[in-house]
Amino acid sequence: MNSSLLSGLNPEQRQAITLPHQSALILAGAGSGKTRVLTTRIAYLISNGAVSPHGILAVTFTNKAAKEMVTRLTAMLPINTRGMWIGTFHGLCNRMLRAHFREANLPQAFQILDSGDQLSAIKRLMKAMNVDGEKFPPREMQSFISSSKEQGLRANEVEAYDPYTRRKVEVFAEYDTQCQREGVVDFSELLLRCYELLSRNAAIREHYQERFKHILVDEFQDTNKLQYQWLRLLAGKNNSLFAVGDDDQSIYAFRGANVGNMQELTRDFHVQNVIKLEQNYRSHGNILDAANALISNNRNRLGKNLWTSENGGELLRVYEAATDVDEAAFIVDEIRQLKSEGINLKEIALLYRSNAQSRVLEHALVSAGLSYRVYGGLRFFERQEIKHTLAYLRLMQNTDDDNALLRIINFPTRGIGARSIEQLQEAAKQNNTVLFDTAARAGGKISAFVALIESLRDATRELPLPEIIDHVLEHSGLTAHYQNETGVKKREAEERLENMNELVNAATLFVHENEDDSLTSFLTHASLEAGEHQAGDQDDALHLMTVHSAKGLEFHTVFITGLEDGLFPHQNSQREDGGLDEERRLMYVAITRARRRLYLSFAQSRMLHGQVSYGMVSSFLRELPDGLLHWITPRVTAQNSYTLSPALSHQGRGGAASEAYVYSPLSPERERGGGEGAARQSPWRIGQRVFHQKFGEGVIVGVESSGADARVQVNFKRAGSKWLALEYAKLTAV
DNA sequence: CGCACGTGGTTTTTT
DNA sequence: ACCACGTGCG
């Protein structure tokens, strides 16, 4: 049994999997078989009789990762994973809180606020408290509350030495009171409340400590302070905490992840030896060498060098485009070529730093007829029509849920205007009750709404879940509302109706897959697993996504696009402490996604925030060893680039400060790019120095040609930026 | 009440 | 360029 589990593993993997009952930190590099080690260890422990499935707690960050773990485990062991505690931090905390709702001081059917719900709850509260939304942006308030909780701090524990922070703390405190009154918890509350439950209630804590002999954590570098505290509490003094992570892939510090947890773990749990998994099974040598060279520029690493037994493979292909459009065109050409060589589209990924960059790429792909999938869009359970439907269901179940009530009291519109709602809120505040109870005592349209909710609840009491939803859709007026849409909104409404129908399907599926098929359980599922819920995994389509969402994935070919300073590394990162290092880790993650071929591209100019901006090649590209790169376009060097003063290169509104920009000139041998049509052969290229009778000396920074009306944008030393029609302007190249 | 228009902001994201 | 949000009018 054991021998088959352990076959094909390298010594370090084997060592990690078979460690005795002790805490351990596994430093697992990209592509080193991290998930395999984690799941195999669980299988090993169980099959060995060291622990029963009952005694395992395995934690991940995403539902996807949790699902993957369960799938692999069932393939290895003939066990029922249902009773096992494998899930996300939030999912597991939810499970514990449901089991001990009384001790946690929560209603049995407490509901979970997602980020959107939380934001509207905060806005509502701020209005009621008369907090100036200008001085205290609700989003900032939201992140203040969440990050405080993720530090393990309640409002009364947050240090506030200035009136501004004190006000924020007041809102924080009041917000928690409001949530408690309404019987809802937000994401970070799930964790904090569970942590408090365990730390305050010795009986419960000891019960779980007794039970979970082995705790395993995936992507440990992404844990925040509270998550680590929670793990420590559960592990107690005697249990084993087996953490797998990679400090070089820590890319979520911006949302509170604390890589320092890795060092703290080794201290707190007296980890004897950190096991390093350094053999990479994913990428060819040159790709790995590039990744290693790049990441070696980071300070404060735990230290680890990935190696592979594969040969060097291809060089990394570097392309300098004139514009973002040109970059996209190049990528399309290359993809066509790859396709003709038999590479499946789904084996190719286009990565970018920020979502806005997908647009140009998508446009080029559509024109080329290449199918693609963009990741990270609006999630299924976050769609407006779905949220509305869920709000009816929530309110039916828990009339204390003011958030839900406010969302639907006038949707579909039933003549309850803003004024009436305001009055209702005031009355509720006076009576110190939730909105629903006050509404029940009102008259007219408002009490009709109350009657509607009650009749929905009564009529569906005995129905199975999918039929409950179906009934609500029909009788709330939602279906009718979207059916009645006409004109430009017709298409959109049809899609929404489809989604509502899909919600019924999702409920049907949920009932089949879950023992607990109650409405509460389904609503929890909806909040906690907002869900990929995207069909088409089997389709052969390109993957378009941010570098962040690419973590954990791998592809035959990867295009890393937009490698320009200011974009990647991102401008805003340079303000933050350690920001550049995190960007570099992000680049490291991007590079290590590629198995066989890697493209690195950048553009001299791109459309950003509605105006053309000019960037220079990313410093990260310059950190890669020359010998690993194959420049498709002539190599950029420091000597042949121009520097423009900020005053000349910027003409945006608002007078925001801008950096100096460097342009690398296009050389004549360049095979591709240089814009469209006329610009390709003409001397009017970006970077060309020109002279104009009236404006004097300048540099071409933009070229636009549609047939005869070719125009160039020139930054003149004296006169600033001008668009000139080539037909009329007397320009001379210098 | 609901639409039309103006304004401001715009890194990354899971739960 | 694009989207989300707020204000003012019919």
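Numbered from 1 within each chain, the chains take letters A, B, ... in sequence-line order.
Asp247(A) places no side-chain N or O within 3.5 Å of a backbone atom of Asn300(A) that could act as its donor or acceptor partner. Thr413(A) contributes no side-chain N or O that, together with a main-chain N or O of Gly415(A), makes up a donor-acceptor pair within less than 3.5 Å.
Residue Asp248(A) forms a salt bridge (Lys or Arg N to Asp or Glu O under 4.0 Å) with just one option from Arg584(A), Lys551(A), Arg301(A), and that option is Arg301(A).
Residue contacts for Glu576(A): at a heavy-atom cut-off of 4.0 Å it reaches a base atom on one of the strands shown. In this structure, Leu113(A) reaches neither bases nor backbone, as no heavy-atom distance under 4.0 Å exists between it and the strands shown. Counting any heavy atom pair closer than 4.0 Å across all strands shown, Phe568(A) reaches no nucleic acid atom. Within the nucleic acid shown, Asn355(A) comes within 4.0 Å of sugar-phosphate atoms alone, with no base atom in reach, counting heavy atoms only. No engagement by Asp114(A) is indicated, since no non-hydrogen atom pair under 4.0 Å with the nucleic acid exists. Residue-level contact check: Ser115(A) touches the bases, meaning some heavy atom is under 4.0 Å from a base atom. If you check every strand for non-hydrogen atoms under 4.0 Å, Phe61(A) touches sugar and phosphate atoms only.
Computed from coordinates, the Leu119(A) CG to dT13(B) P distance equals 18 Å when rounded to whole Å. Atom OH of Tyr252(A) is separated from atom P of dT12(B) by 11 Å (rounded to the nearest Å). We find that CD of Gln384(A) is positioned 11 Å from P of dC5(C), with the value rounded to whole Å. In this structure, the CD atom of Glu382(A) is 10 Å from the C1' atom of dT15(B), given to the nearest Å. Between the CZ atom of Arg585(A) and the C1' atom of dT12(B) there is a distance of 13 Å, given to the nearest Å. Distance CG (Leu378(A)) to C1' (dT14(B)): 15 Å, rounded to an integer number of Å. Nucleotide dT13(B) holds its P atom 15 Å from the CD atom of Glu219(A), rounded to whole Å. Nucleotide dG6(C) holds its C1' atom 15 Å from the CE atom of Met126(A), rounded to whole Å.
Residue Arg359(A) has its side chain nearest to dC3(C) when only dT14(B), dT10(B), dC3(C) are considered. Proximity note for Asn572(A) (side chain, C-beta onward) versus dT12(B), dT11(B), dT15(B): the nearest is dT11(B). Minimum atom distance to the side chain of Lys123(A) is reached by dC5(C), of the listed dC5(C), dT13(B), dT15(B). Comparing atom distances between the Arg353(A) side chain and each of dT11(B), dT15(B), dT13(B) picks out dT11(B) as nearest. Comparing dT11(B), dT13(B), dT15(B) against the side chain of His548(A) picks out dT13(B) as the nearest. Listed nucleotides: dT15(B), dT10(B), dC5(C). Nearest to the side chain of Thr88(A): dT15(B). Residue Ser354(A) places its side chain closer to dT11(B) than to any other of dT13(B), dT11(B), dG2(B).
A parallel orientation is assigned to the rings of Phe212(A) and Tyr208(A), their planes being inclined by less than 30° (bins at 30° and 60°).
A heavy-atom distance below 4.5 Å is found between the side chains of Ile122(A) and Tyr175(A).
By the 4.0 Å N-to-carboxylate-O rule, Asp176(A) lies close enough to Lys149(A) to be salt-bridged with it.
For Arg379(A) and dT15(B), the shortest distance from a side-chain N or O to OP1 or OP2 is below 4.0 Å. Within the 4.0 Å cut-off from OP1 or OP2 of dT13(B), at least one side-chain nitrogen or oxygen of Ser549(A) is found. Remark: Asn63(A) is in phosphate contact with dT15(B), judged by side-chain N or O atoms under 4.0 Å from OP1 or OP2.
Rounded to whole Å, the separation between the C1' atoms of dT11(B) and dG6(C) comes to 25 Å. Taking atom P on both nucleotides, dA4(C) is separated from dT13(B) by 16 Å, rounded to a whole Å.
Side-chain polar atoms of Asn224(A) and Arg255(A) form no donor-acceptor pair below 3.5 angstrom.
If Ser188(A) and Ala418(A) are placed on DNA chain B by their nearest nucleotide, the residue sitting closer to the 5' end is Ala418(A).
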